[in-house]
*Asks:* 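Take this structure first; my questions come after.
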2 protein chains.
Amino acid sequence: MKHESFNESVEMYLKTVSELAAGNDLAPISALAERLGVSTVSATEMVHRLCEKGLLDHTPYKGVALTEDGRRRAQRVIRRHRLWECFLVDFLNLPWEKVHDYACRLEHATDTAVTEALAAFLNHPQTCPHGNPIPSAVGDVAAANDTPLGDLQPGDHGAISRIYPESLLLLDYLAARGILPGQPVEFEEIAPFNGPLMIKIGGETHALGQEIAAHIFMELTDDTH
Amino acid sequence: MKHESFNESVEMYLKTVSELAAGNDLAPISALAERLGVSTVSATEMVHRLCEKGLLDHTPYKGVALTEDGRRRAQRVIRRHRLWECFLVDFLNLPWEKVHDYACRLEHATDTAVTEALAAFLNHPQTCPHGNPIPSAVGDVAAANDTPLGDLQPGDHGAISRIYPESLLLLDYLAARGILPGQPVEFEEIAPFNGPLMIKIGGETHALGQEIAAHIFMELTDDTH
DNA sequence: GTTTATTATAAGGCTTACCTAAAAATTTAA
DNA sequence: TTAAATTTTTAGGTAAGCCTTATAATAAAC
């Protein structure tokens with residue numbers, strides 16, 4: 001009956017740091033704590049433990065980063081997570097917007113042998129149903145070459161590539177509006193005073209808040225013919 | 001970050017009681033503790049907690065039994081466990097003797113929606129790869145109509161129906177010898193002084209200790225034609 | 001260069017699920 | 001029916017992962 005829940009917490013912290021420090025910068029502990037639903041004091045404690053284990057680097061007053069060990073460990077969790085998402089959508093026909101949460105539980109309870117057998121069964125998919133790349137078994141990920149909707153200029157167009165980071169609330173919102181990877185996108189305008197972005201997605205125009213727009217990535221169609 | 005590990009412990013206790021009290025009698029706390037790899041003091045503590053929650057009934061100095069609530073809860077865990085075993089063997093091609101352990105982890109991390117979608121995907125199988133019946137979604141199980149090898153008389157024959165309860169050590173042992181559900185069985189003799197049982201399984205004769213024989217069930221072929 | 005805001009640490013506590021050691025209660029067996 | 005074995009309870013402890021409150025350190029803004 002040895003406790004596996006330590007593992008689970010570790011994995012959640014590493015995964016979250018990986019998301020927050022996606023742009024190679026440091027993840028502030030406050031942001032970590034908020035995303036994990038934990039007090040900053042608790043997060044600080046845990047960060048110390050993970051530093052001692054050599055999984056995180058903490059620069060006081062700046063934030064935390066994954067060590068190489070931590071990075072690999074996080075990517076392996078993310079691999080399990082995204083493989084399960086593929087299975088849940090493609091074979092169990094579960095809703096696109098729900099599988100993220102289901103996979104969040106399974107990812108901590110999946111042996112390596114199961115992970116790799118699952119990858120083979122699924123034919124080694126490259127992305128999860130939300131468009132995010134699936135790391136390799138040793139923790140390598142393809143670098144993304146896309147842009148968050150928030151960074152677009154009027155007239156830009158292309159197609160949605162991925163939703164990142166994912167959360168049930170966000171995915172529910174997007175699913176209800178048909179805002180999914182693959183949908184064609186045309187940027188129309190941004191309302192003044194940091195207002196919502198007016199974006200045509202799959203024929204319909206949506207007013208998206210900046211925060212949501214930061215979670216939607218697209219691949220630009222190159223118009224410089 | 002609310003802890004799900006309480007759930008996990010509860011589920012392990014309920015599952016184990018369900019196994020130990022299979023013959024409708026009481027499961028001694030000492031047996032519970034041993035199977036869970038925990039001190040009797042710890043097991044007693046936990047049993048008290050589960051009694052307060054209305055999941056167990058404890059008769060002091062006798063043992064524990066599942067309440068109706070506890071029984072249903074245990075069966076639901078067992079359902080998830082056995083469905084995963086089917087998937088792991090039939091679709092991921094993982095070894096028959098290993099999937100029990102893999103499923104032991106997954107069973108605590110599987111939402112009801114995933115369980116039922118999995119059942120549908122698998123076409124609602126009736127038994128796990130080790131021959132044990134899969135409880136219904138509401139926790140009903142078909143009563144088994146088979147006999148442990150230990151109870152046989154010389155001359156009896158039939159086919160292996162299931163291995164129960166399962167454990168990695170036992171399954172490894174049986175897999176190495178081709179002792180699997182479906183194999184034809186012929187009882188030859190029992191060595192004196194509680195010696196091993198000599199049993200012909202799939203053409204070869206095996207000397208099985210009584211403890212192992214108690215875990216192997218068979219369906220007798222009725223010879224009273 | 002202060003003030004203000006953020007970040008970190010310190011102190012004390014809680015719960016779950018474990019542990020050991022020792023004493024008390026009950027059952028079983030001689 | 002007394003002794004032996006088992007079961008339960010009591011007492012005191014540990015570690016992980018949380019919590020709140022309060023103080024100290026640093027960074028950023030004015």
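These numbers were taken from a predicted model, which means no experiment stands behind them. So you know, we letter chains A, B, ... as the sequences are listed, proteins then strands, and number each from 1.
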*Asks:* Between A:Met46 (CE) and D:dC19 (C1'), how many Å, whole number?
*Replies:* 15 Å

*Asks:* So if I take every side-chain heavy atom of B:Ser9 and compare against D:dC18, C:dA17, C:dT7, which nucleotide ends up nearest?
*Replies:* C:dA17

*Asks:* Rounded to whole angstrom units, what separation is found between the CG atom of A:Leu32 and the P atom of D:dC18?
*Replies:* 11 Å

*Asks:* Among side-chain atoms of B:Thr112 and B:Thr115, is any donor-acceptor pair under 3.5 angstrom?
*Replies:* no

*Asks:* Which of parallel (below 30°), tilted (30 to 60°) and perpendicular (above 60°) describes A:Phe91 and A:Phe87?
*Replies:* parallel

*Asks:* Can you tell which of B:Glu85, B:Glu97, B:Arg82, B:His100 makes a side-chain hydrogen bond (donor to acceptor under 3.5 Å, both in side chains) with B:His130?
*Replies:* B:Glu85

*Asks:* Look only at the side chain of B:Glu116 and the backbone of B:Val114, and say whether a donor-acceptor pair between them is shorter than 3.5 Å.
*Replies:* no

*Asks:* Give the C-alpha distance, both sets of side-chain angles, the deciding distance and a yes or no for side chain to side chain contact (heavy atoms under 4.5 Å, CB included) between A:Thr147 and A:Phe217.
*Replies:* CA-CA 5 Å; A:Thr147 322; A:Phe217 288 73; 5.8 Å; no

*Asks:* What integer distance in Å separates A:Leu26:CG from C:dT6:P?
*Replies:* 18 Å

*Asks:* For B:His48, what residues pass the ring pair (Phe, Tyr, Trp, His ring centres under 6.0 Å) criterion, not counting sequence neighbours?
*Replies:* B:His58

*Asks:* Rounded off to whole Å, could you give me the CG-to-P distance for the B:Asn7 and C:dT16 pair?
*Replies:* 12 Å

*Asks:* If we ignore hydrogens and angles and just use 3.5 Å, is the side chain of A:Asn132 paired with the main-chain N or O of A:Ile163 as donor and acceptor?
*Replies:* yes

*Asks:* Should the pair A:Glu8-A:Arg105 be classified as a salt bridge under the 4.0 Å nitrogen-to-oxygen rule?
*Replies:* no

*Asks:* Using whole Å, what does the distance between atom P of nucleotide D:dA15 and atom NZ of A:Lys53 come to?
*Replies:* 13 Å

*Asks:* Write down the distance between CD (A:Glu34) and P (C:dT7), rounded to a whole number of angstrom.
*Replies:* 11 Å

*Asks:* Nearest whole Å is fine: how far is C:dA17 C1' from B:Arg49 CZ?
*Replies:* 6 Å

*Asks:* For C:dC18, does OP1 or OP2 lie under 4.0 Å from any side-chain N or O of B:Tyr13?
*Replies:* yes

*Asks:* Would one find a side-chain N or O of B:Ser42 under 4.0 angstrom from OP1 or OP2 of C:dA17?
*Replies:* no

*Asks:* Send over the distance from B:Met12 CE to C:dC18 P, rounded to a whole Å.
*Replies:* 10 Å

*Asks:* A:Cys128 and side chain to side chain contact (heavy atoms under 4.5 Å, CB included): which partner among A:Glu166, A:Arg79, A:His81, A:Arg162?
*Replies:* A:Glu166

*Asks:* Strictly under 3.5 Å: I want the nitrogen or oxygen pairs between protein and nucleotides 23-25 of chain C, one per line.
*Replies:*
| residue | atom | partner | partner atom | Å |
| --- | --- | --- | --- | --- |
| C:dA25 | N3 | B:Tyr61 | OH | 3.4 |

*Asks:* Show each protein N/O and nucleotides 9-12 of chain D N/O combination with a separation under 3.5 Å, one pair to a line.
*Replies:*
| residue | atom | partner | partner atom | Å |
| --- | --- | --- | --- | --- |
| D:dT9 | OP2 | B:His48 | NE2 | 2.6 |

*Asks:* Counting only side-chain nitrogens and oxygens, does B:Ser39 get under 4.0 Å of the OP1 or OP2 atom of C:dC18?
*Replies:* no

